[in-house]
Structures are given as structure tokens and as C-alpha cells.
Amino acid sequence: MAIVLILSLSRNCYIVATCSGKEWKEWALTSMFDWSKENIPAIKKELEKEKRKIQNDIASRKTKDARKKETPLYSLPQQGRSVDDVMKELVQSGQNDNEQWKQGRVSGSVYLSSENDDEGHTNLMSTAFAAYSWSNPLHTGLWPTLDRYETEVIRMTASLVSSSGRTGNETNRIHGTMTSGGTESIMLAIKAHRDFYGTRRSIQYPELICGSTAHAAVDKACELMGIRKVVVQCDPVTFTINPESVRKKITVNTILIYASAPNYPQGTIDPISDLSAIALKYDIGLHVDACLGGFVLAFAQQLPQYSSLIPKFDFTNNPGVTSMSIDTHKYGYASKGTSVVLYRDACLRQAQYFPYANWTGGLYSTPTFAGSRPGALVACAWAALVSIGRDGYADRARQILETSQQIVSSITRMKDLHVLGGFRDGDEAKPQSSLQIPTMVVCFASDTLDIYRIGDCMEKRGWSLNALQHPASVHICVTLNTVRCVDQFLEDLKASTAQAREEGANKCKEGTAAIYGTASRLPQAVKDLLRIYTDMTMLSD
């Protein structure tokens, strides 16, 4: 008992000594709110009022698609429908649901173009999926060619960020696995570092250091794995992490530094080279999240006009990088549901695995969270990579970068709007606050207008953009569809900004503006409101 008390006291003292004032404040406010919402009627009533407001607003914004005109299913039909009937409905509903993204008015989501050669790419994905629709990589050897495809997808992706991967050098070969997406890749990398470094150093309370722009997958991993997330506030202009601030946060419990290339909100690239040197010095891990931009940045570095403007983010140029995540289902143009997580060391990859020796069902081991996996998606990823090839990816990367730069240059000249990220705006006569250029994400804000209202005005014009916070902003993730619609986007953005300016501050807030307004008034209630939102998006009731 005495030992337990001493260990508990030691842990509490460590927490008191290392937690920042902001962490203590958030903990105190959250604790007070959780108690108040259950015990103080006035607060409970106000929260319920806000919940209903959000619920009604989301319900009013739902698209009235063809499915809602039909009686919903609550149980299996007594007799199955004919195959022709089912296929007819699927084709019709798919055509209806795909209409918006095919118009090119969506930020990210679908990365290929809906025109010209990419129609053939969609057919290729369908054919690849059909060829392996019943396959499951869990059963090693049952589909031997599929096993080879998976290995080749990993190696081809590794070759983009490692010279050893391009030469087939087994001595310094980068190792990896395929996953279901960027979130799983990031979580598995964090799990691998926790097990690898935690075991070597007997760390009971591991810590991870990341910037304030880090993807929410980091929060998921830390919550599930008992890891303390130590946040460093990013630069207010460039939105990149400060290496010296990271260095000051390192403790004996630090297992990993997390960096972005680029980050999701503002699209800027963290100083990987500086962070690499820190990771080497302190013998800790460094994960580079290139889920969004890996396939664009790797080829942008090979284009003469961009090579000097893209920070080095890969294994080859940064010996301190221990893992990377790159999504094949974004700018790799594979069907949704595949990503690759890469490791410099085979032992680190093994720390990702889930081996169990005592299960009564037999010896069991899987490389990822899932047991059964859809082998058809592996085939789709392989087909995408080998059909597009290096020249195809380089050309697509060029189009994405040129369009991003066009958007930045245009928004910079718009009244009441400014671009976040400290990017070069293309005007060489003006001093540049950063050597970085926009790559695929353009984030913009306003000091004079409600940026969320501008976003809502864009939505009414048929656009689906991403609303962000801290600071309030909106971004567009440029895809091949955006390339052909960029002039219309800029025209609609200018008109939406003018509309928000004319309406003034007294117009009743609705849509995204109302939701984020509620979040700012009741910050501690945001998680409850998000649960309501998630319930409604699942259409479970």
C-alpha cells in the first residue's frame, strides 16, 4: 500500500510540475461544467435549448435526396428484392449523390476529376474492386497475387519519400503496412512509438509533442492509449510548429514528436529538418503526417519551378524521421479506404503489430487494428499507382499547385479577405513572409466580416467548403475538379463576400455561422453538441 501511495504521489507531483496553465484552466473549466450541467437547472436548461437549436438547424439543412422519399427500412425484407431492382436503385441513387462533387464545388473529398480520362480511372477502380471483391488479406497466402500487390503498394509509396526505396536497397529499406486511412495510419504510428520507446525506457506515462494544428487522429490515439498530448502553439502567421518550443517540452517521458506536411487547416509544412535534428539529439521518434500531401509534395519537389520552395519532409533528407503516413486514397487517386504507414526501422513496425499467443482460437497476429480487411481496396490502390505512374502524378501535382497559387493571388486582392499561412502570393516585388508556397490547401479569414457567414453564402451557391476555428476561417482543399472550376470559385467567393458585407452584422446567424457562434458562447458544451451532430449524421433515428 505504501508503495502504491508513493507512486501515486510521485505521479501527481509530476503532473503538477509539467502541466501548463492552459491545461489546468481547461481541466478546471471542464470539471466545473460537467458538474454544473447535471446539478444546476438553469445551466441544464440552457444547454438543452442550445442542443435543440443545433439539432433543428442541422435537420433543416439536410439534403432531401431520393432516399428520404421512400419508406426507410427498419428490418430485413421478408423476401429479397431482385438483383436488377437493387442494381437499378443503386445506380440511380449513386448518380444523384455524386452530382455535387462532379460539378467540382467540393473541398477535398473526391480528388480526381469527373471529366475526360478520369472517367476511365473510375472504371478501372470498379474493375479492380470486382476482381477481388471477396478477398481478405487476413488469410495470408489465399490470394498470393493480392499479397504481392500490397507489398508493391507499400514499396511504391516508400519510393516517393526514400531513395533506398527507389533502388530496392534492402539494407536501408523503409518498411510499412497498408491501413484503412490516414487516421489509422497516424494511430498505428503512435502505438508503435509508445510500445517501442516505452518498453526500452520503461515509460509508464508516455508523452507526445505536437503543434496546435495536429490532426484530430492524434487526440484519438492519445485518448485510447493513455498518452499525454503536449501541445505547442503554432506560429500565428505561418501556423507551423516552433522547434525551440518543442525542445523545451521534451521530458524523460517523451516518446514522439508529431509534425505535418502539410497540416490540414492552413496547409503549411512544419520545419521537419529542424525537428529531425531535435529527435536525433534526444533519441525520440518523429512522425511526419503526409496523409494529405504526400503524393503532391513528393512530385512537387521534382518539378524545377517548385523544388526549392517545398521544404524537405522525407526520410532521405531527415535522418531523425522515424515514421510517415501517406494516403493513397487522396492524391494517390485510389478508391476510399487505403493509406500507408511507413517506418525507418523494422523493429518499429513490429511494435505496431497485435500478436496474441494465448487465444483459444489459435496463434493470432494482425499488422493493423482490423482483423478482416477488404482486399479489393488493396487491388484498387495498386491499380491506381501503376496506371498513373510517375509522369501522371507529376502532371497532376503541377496542376494542383498552379491552381492553389492562383487562388492565393486572387484572394489576396479581395476586399475584407486575407489568406492564412504566410504564403508567397506570387508578387515577387513584394516582401514575402515565408518561402513556402501554397500546395493544395488555401485557408482564408476576415478581420471585418463573419467568415462563417461567407462560407454559408458559398454553400447557397452550391459549394461545400470546410469551416475551421482558432482562428475562425474557411479553407478549400484543391482537387483536379477545382482546377477546372477555379474561376467560378473565385467569382462566387467575391460575390459571397460582397453579400456578407451588404447584410451587415445584424442579420440573424444561421447554418455554420450559428453553430460556431454557439460553440464560442458555450465552449465547454461543444462535445455535447458534437454528439448531437454525430447522432444526426448517422440517421439512426
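Computed from a predicted model, the values in this text were never measured in an experiment.
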Novice: List for me each residue that meets salt bridge (charged side-chain N to carboxylate O under 4.0 Å, His left out) alongside Asp314, sequence neighbours excluded, and say none if there are none.
Specialist: none

Novice: Could you list the residues that satisfy side chain to side chain donor-acceptor pair (under 3.5 Å) with Asn263, not counting sequence neighbours?
Specialist: Thr268

Novice: Report yes or no: is the cationic atom of Arg396 (NZ for Lys, CZ for Arg) under 6.0 Å from the centre of the six-membered ring of Tyr333, at an angle within 45° of the ring normal?
Specialist: yes

Novice: For residues 272-281, which side-chain donor-acceptor pairs fall under 3.5 Å, sequence neighbours excluded?
Specialist:
| residue | atom | partner | partner atom | Å |
| --- | --- | --- | --- | --- |
| Ser273 | OG | Asn318 | OD1 | 3.0 |
| Ser276 | OG | Gly320 | N | 2.7 |

Novice: Please, which pairs that meet ring pair (Phe, Tyr, Trp, His ring centres under 6.0 Å) have at least one residue in residues 457-494, sequence neighbours excluded?
Specialist: Tyr264-His475, Trp463-Phe489

Novice: Under the side chain to side chain donor-acceptor pair (under 3.5 Å) rule, collect the residues that match up with Gln406, sequence neighbours excluded.
Specialist: Asp487

Novice: Just one of Thr177, Thr183, Asp327 clears the side-chain hydrogen bond (donor to acceptor under 3.5 Å, both in side chains) bar with Ser339, so which one?
Specialist: Asp327

Novice: Please identify each residue that fulfils salt bridge (charged side-chain N to carboxylate O under 4.0 Å, His left out) with Glu152, with sequence neighbours left out.
Specialist: Arg148

Novice: Not counting sequence neighbours, list each pair that qualifies as a ring pair (Phe, Tyr, Trp, His ring centres under 6.0 Å) and has a residue in residues 388-411.
Specialist: Phe295-Tyr393, Phe299-Tyr393

Novice: Check this for me: does any side-chain nitrogen of one of Asp195 and Lys191 sit under 4.0 Å from a carboxylate oxygen of the other?
Specialist: yes

Novice: Let me confirm one number: the CG-CG distance from Asp447 to Leu417, rounded to the nearest 0.5 Å.
Specialist: 10.0 Å

Novice: Output all residues satisfying side chain to side chain contact (heavy atoms under 4.5 Å, CB included) with Val110, sequence neighbours left out; order by chain, then residue number.
Specialist: Trp101, Leu112

Novice: Listed by chain and number, what are the side chain to side chain contact (heavy atoms under 4.5 Å, CB included) partners of Ala192, not counting sequence neighbours?
Specialist: Tyr343, Leu348, Ala351, Gln352

Novice: Under the side chain to side chain contact (heavy atoms under 4.5 Å, CB included) test, which residues partner Arg200, sequence neighbours left out?
Specialist: Phe196, Tyr197, Asp283

Novice: For Asp416, what residues pass the side chain to side chain contact (heavy atoms under 4.5 Å, CB included) criterion, not counting sequence neighbours?
Specialist: Ser446, Thr448, Leu449, Thr497, Arg501

Novice: Test of understanding: with side chain to side chain donor-acceptor pair (under 3.5 Å), list the residues that count as partners of Thr328, not counting sequence neighbours.
Specialist: Thr338

